[in-house]
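Chain letters run A, B, ... following the sequence lines, proteins first and then strands; every chain starts at 1. Just so you know, these numbers use all the heavy atoms, side chains as well, and skip hydrogens, waters and symmetry mates. As the structure is a prediction and not an experimental result, all values here were calculated from the model.
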Amino acid sequence: MPALLEVQQAMSRCLLGGEMPTLVPGLDAAALERLSIYRNTCRSTLLNALRLSFPAVQRLVGEEFFEGAVQCFIDEGPGGIPDSAWLYEYGGEFAAFLASFPPAAGLPYLSDVARLEWAVNRALHAPDAERLDVVHLASLIGGRADARLIPHASICLLSLQYPADRIWRAVLEEDDAALAAVNLSASPVRLLIERDDTGVQVQRLHEAAWTLAKRLCAGLPLCEALDSIPSGAGSRDTTAALLAEQLSARRFIGARLPDCTPPGDPES
Amino acid sequence: MMNKYASAVSTLSVAIGLALGAGATAVRAADAPQAAKDSATQLEKCYGINRVAKNDCAAGVHSCAGQATRARDPKSFVLLPAGACSKIDGGSLKPM
């Protein structure tokens with residue numbers, strides 16, 4: 001009789017492996033037939049999860065191609081096997097998979113659209129938290145440049161080579177004119193994706209604003225986040241204006257201060 | 001390091017002053033194009049359904065009936081994108 005571990009490993013191969021095994025120790029042909037029903041159900045559930053998380057990608061390539069790509073993703077891609085019981089957490093590697101999926105090579109923007117859709121999916125399911133206004137935030141920071149801000153969990157900053165936001169919107173709204181107007185050779189886009197009170201927002205930011213938001217959201221201390229921000233004039237007023245913009249956009253839910261006294265504190 | 005910190009403190013205080021003075025809405029509107037705002041409401045519906053359906057039994061084609069024993073063989077049909085991608089100007093459809 002096979003050990004429990006062997007049975008479990010064989011079961012896992014039957015459900016999500018590339019080919020359905022024809023021989024599994026301890027299982028007869030009838031059991032394998034029933035297991036293949038389970039296998040098919042399992043895979044179609046994963047396919048549906050990705051359909052729901054990547055609706056624009058599916059519309060771009062059509063249903064058949066999408067299904068074929070997902071089958072290959074399950075069989076080959078790292079991340080094709082779910083590692084969470086929550087289906088909305090499945091598919092984080094799908095964009096990277098598409099980037100190197102030979103049949104999709106003719107659509108170089110496809111993986112950028114997938115990255116955007118994944119960020120939107122993450123934003124949708126991020127936990128709720130109260131976004132602080134600038135008065136509250138300023139009191140938590142207490143004038144200290146070594147404070148670190150805590151971003152709302154829905155926020156994601158993406159720098160994409162293709163105008164994935166325009167493509168995504170046009171595809172989901174079935175706006176053919178907007179699709180035809182997409183300029184694939186335009187310069188890279190820097191996006192901020194977040195969920196606010198009215199839903200998921202996708203907006204473009206200028207390079208300097210995006211860089212500062214990215215650093216602040218990564219939890220860098222303010223003094224490091226502000227260091228050599230690429231602004232045109234480079235004056236302190238410009239940097240301050242950028243920071244003011246970030247602080248008043250209600251993107252943060254708290255601030256963390258280090259335990260030690262700040263280097264600029266006169267009492268130290 | 002000391003300079004960087006001092007300069008950051010001063011930037012921070014100017015920024016907070018600016019933010020308090022300007023009010024949140026004016027600054028916010030600057031980096032969100034109106035078109036994006038308008039379309040967000042429509043997209044919300046599309047994505048709103050996802051969340052509800054995601055773990056729904058009915059979402060799977062076979063999930064409850066469990067009748068099909070075989071998925072379509074991914075290699076049995078030609079993998080060629082066929083959807084809206086052809087509507088993008090300059091988007092190539094040639095398999096590479």
Task: Nearest-0.5 Å distance that lies between atom CG in B/Asn3 and atom SG in A/Cys223 - done: 12.0 Å

- [ ] Starting at CD of A/Glu174, measure out to NZ of B/Lys87 and round the result to the nearest 0.5 Å.
- [x]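 Nearest 0.5 Å value for the CD-NZ distance: 7.5 Å.
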
Please give me the minimum heavy-atom distance between [X] and [Y], naming the atom from each residue.
{"X": "B/Leu18", "Y": "A/Ala244", "value": "CB-CB, 3.7 Å"}
{"X": "A/Tyr109", "Y": "B/Cys85", "value": "OH-CB, 3.2 Å"}
{"X": "B/Leu12", "Y": "A/Gly143", "value": "CD2-C, 3.7 Å"}

Task: Flag if over 12 foreign heavy atoms under 6.0 Å of CZ, A/Arg166 - done: no

Part of [X] within contact of chain B (heavy atom distance under 4.5 Å):
{"X": "A/Ile141", "answer": "side chain"}
{"X": "A/Ile167", "answer": "side chain"}
{"X": "A/Leu243", "answer": "both"}

TODO: Answer yes or no: is there a side-chain heavy-atom contact under 4.5 Å between B/Ile88 and A/Leu60?
DONE: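 Answer yes - side chains close enough.
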
Open item on the list: If you count heavy-atom pairs within less than 4.5 Å of chain B, which of A/Val171, A/Asp227, A/Leu247 leads?
Closed with: A/Asp227

Open item on the list: Taking A/Ala145's backbone N and O only, do any of them form a donor-acceptor pair with B/Tyr5's side chain (distance below 3.5 Å, no angle check)?
Closed with: yes

